[in-house]
Amino acid sequence: MLSGSKKKRPPKRLLGRRELIDLPALALRGVEAKVDTGAYTSAIHCDEVRLVPDPATGQPVLHVRLLDPGHPATDGRPLAFREFDRRDIRSSNGEVQARFVISTTVRLYGRDYPTEFSLADRSDLRYPVLLGRALLRQGRFMVDVARRDLSYKAERRAAAPPPPMPPGPDGPAVP
């Protein structure tokens with residue numbers, strides 16, 4: 001057996017059952033997301049989903065209205081996607097629905113992860129975003145259901161200035 005032939009993988013990180021995430025490409029920060037190990041694909045709450053031909057090219061453009069009552073500045077904001085897919089997605093109640101799927105970036109622990117989101121009406125659900133297994137696997141995340149907002153709290157700690165040094169016996173400490 002050759003030593004050192006195994007590729008070293010980064011360590012796994014913990015996420016809580018709920019996380020505050022950033023979606024930088026959509027200009028959204030601090031969005032509440034439920035971490036769901038039962039869902040493969042992540043989902044984001046939208047309505048008014050429609051295809052409109054681009055007047056210049058004739059190619060279809062996906063238009064949606066983003067819904068997030070927790071963010072009044074962006075709730076109802078229209079978004080348009082030129083790149084998208086349509087897939088059958090099995091919902092939590094076992095029903096198969098044809099949904100549009102877009103690619104965007106999720107920021108967790110200060111790192112960006114490209115991932116796919118199905119566009120769904122989540123109005124009956126508590127969280128506007130659901131993070132599925134595909135993202136969890138890609139980021140090597142484990143879930144601690146007893147905790148919340150682990151990524152957000154870690155980023156805040158990393159961005160906080162160090163605490164001041166206590167004065168020494170000869171006066172204030174000099175860094």
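Side-chain atoms are counted along with the backbone in the values below, which use heavy atoms only and exclude waters and symmetry mates. Residues take their numbers from the sequence shown, with the count starting at 1.
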So, the side chain of [X] versus the backbone of [Y]: is there a donor-acceptor pair under 3.5 Å, distance only?
{"X": "E155", "Y": "G110", "answer": "yes"}
{"X": "R107", "Y": "R111", "answer": "no"}
{"X": "R133", "Y": "T37", "answer": "yes"}
{"X": "S151", "Y": "Y109", "answer": "yes"}

Do L130 and Y127 belong to the same hydrophobic cluster, where Ile, Leu, Val, Met, Phe, Trp and Tyr are linked whenever their side-chain heavy atoms lie under 4.5 Å apart, directly or via other members? no
V52 with F81, same ILVMFWY side-chain cluster at under 4.5 Å: no
So, for L150 and L15, which heavy atoms are closest and what is the spacing to 0.1 Å? CD1-C, 3.7 Å
Distance-minimising heavy-atom pair for P24 and T105: CD-O, 3.3 Å
Test applied, side chain to side chain contact (heavy atoms under 4.5 Å, CB included); reference residue, L108; option that passes from D22, L20, L135: L135
Indicate yes or no: at least one non-hydrogen side-chain atom of [X] is less than 4.5 angstrom from one of [Y].
{"X": "V143", "Y": "L14", "value": "no"}
{"X": "V64", "Y": "D47", "value": "no"}
{"X": "R77", "Y": "L28", "value": "yes"}

From the list R126, R122, R18, R148, salt bridge (Lys or Arg N to Asp or Glu O under 4.0 Å) partner of E32 resolves to R18
Say you draw a straight line from CZ of R29 to CD1 of I21; how long is it, rounded to the nearest 0.5 Å? 12.0 Å
Would you mind checking if R17 and D36 are paired as a salt bridge, meaning a charged N to carboxylate O distance below 4.0 Å? no
Within 45° cone and under 6.0 Å: R86 NZ/CZ vs F100 ring: yes
With sequence neighbours excluded, residues passing side-chain hydrogen bond (donor to acceptor under 3.5 Å, both in side chains) with N93: S91
State yes or no: are the ring centers of F84 and F117 separated by less than 6.0 Å? no
